[in-house]
Amino acid sequence: HDTMVWGRRDTLLTARVDSDHESGAKSILLMDTIVNNFHFWKLSTIENGQWAFVRFPTRTETHWHRTSELLFRKEDGILQSWHYILDTHYNGGSVNSEMWLTLTSIEGS
């Protein structure tokens with residue numbers, strides 16, 4: 001079996017006088033790991049970034065920290081689990097979310 005994870009991030013251009021700015025850093029780590037005596041590839045990403053939006057006379061800033069861990073079975077490349085955490089802070093408020101995806105069964109050949 002082949003397992004593929006694909007993502008895309010594009011730029012949206014519009015005609016307006018507002019100003020957007022986005023910046024940040026992302027680190028990606030691929031590790032060979034063992035969980036409960038099973039061999040896996042673990043793909044970890046950590047991203048810290050900020051986004052600023054200016055619509056005169058106000059300025060909105062958002063800062064975020066994202067972590068994502070994908071666990072692939074080494075024997076066949078099937079995605080075993082995904083864990084995602086997002087912490088966002090903006091103008092005195094914050095939003096936090098966490099998601100889990102876990103393979104529980106395989107049907108067919």
Side-chain angles (χ1 to χ4, degrees):
H1 297 286
D2 292 330
T3 300
M4 182 177 72
V5 176
W6 181 81
R8 179 176 173 169
R9 186 172 180 178
D10 276 329
T11 301
L12 175 65
L13 300 176
T14 60
R16 63 181 189 188
V17 294
D18 305 331
S19 172
D20 290 334
H21 178 72
E22 189 171 313
S23 62
K26 178 186 276 188
S27 63
I28 301 171
L29 177 65
L30 179 64
M31 296 183 344
D32 183 355
T33 187
I34 297 174
V35 178
N36 296 330
N37 294 324
F38 293 100
H39 292 268
F40 292 96
W41 287 114
K42 181 167 84 171
L43 180 64
S44 300
T45 61
I46 299 171
E47 182 178 5
N48 291 294
Q50 63 185 17
W51 175 76
F53 173 76
V54 178
R55 176 173 282 166
F56 187 80
T58 61
R59 175 183 171 90
T60 301
E61 283 195 27
T62 302
H63 299 269
W64 66 82
H65 175 77
R66 294 182 192 135
T67 61
S68 178
E69 286 192 352
L70 294 162
L71 206 59
F72 297 94
R73 301 186 327 188
K74 281 190 83 172
E75 67 211 36
D76 53 18
I78 292 178
L79 179 64
Q80 178 68 35
S81 67
W82 175 50
H83 184 205
Y84 176 83
I85 299 172
L86 171 62
D87 294 315
T88 305
H89 303 278
Y90 58 94
N91 289 357
S94 67
V95 174
N96 303 313
S97 63
E98 183 172 10
M99 293 183 284
W100 282 92
L101 173 76
T102 303
L103 175 67
T104 57
S105 67
I106 297 177
E107 297 179 10
S109 58

Study note, to complete from the structure: Partner of Asn96 under side chain to side chain contact (heavy atoms under 4.5 Å, CB included), picked from Leu86, Ile85, Asp87, is Asp87
Check your understanding: Taking atom CD of Gln50 and atom OG1 of Thr62, what is their separation to the nearest 0.5 Å?
Key -> 9.5 Å
Point to revise | Distance in Å, Leu43 CG paired with Glu69 CD, rounded so as to fall on 0.5 Å steps | key: 9.5 Å
Check your understanding: If we only count heavy atoms from C-beta on, is the Ile46 to Leu29 side-chain gap below 4.5 Å?
Key -> no
Review point. Do Ser68 and Trp82 get their side chains close enough for a donor-acceptor pair, meaning under 3.5 Å?
Key: yes
Study note, to complete from the structure: OG1 (Thr102) and CG (Leu79) are apart, to the nearest 0.5 Å, by 9.0 Å
Review point. Rounded to the nearest 0.5 Å, how far apart are OG of Ser94 and NE2 of His63?
Key: 13.0 Å
Review point. Hey, are the side chains of His83 and Glu98 touching, using non-hydrogen atoms and a 4.5 Å cut-off?
Key: yes
Review point. Do Ile28 and Phe72 share a hydrophobic cluster, counting only Ile, Leu, Val, Met, Phe, Trp and Tyr and linking them when any side-chain heavy atoms are less than 4.5 Å apart?
Key: yes
**Study point:** From CD1 (Ile78) to CG (Leu103), nearest 0.5 Å
**Key:** 7.0 Å
Review point. Is there a side-chain contact between Arg73 and Phe40 (heavy atoms, below 4.5 Å)?
Key: yes
Practice item. Please tell me if the side chains of Thr67 and Tyr84 come closer than 4.5 Å, counting only heavy atoms from C-beta onward. Key: no
Check your understanding: Are Trp51 and Trp64 side-chain neighbours, meaning at least one heavy-atom pair lies under 4.5 Å?
Key -> yes
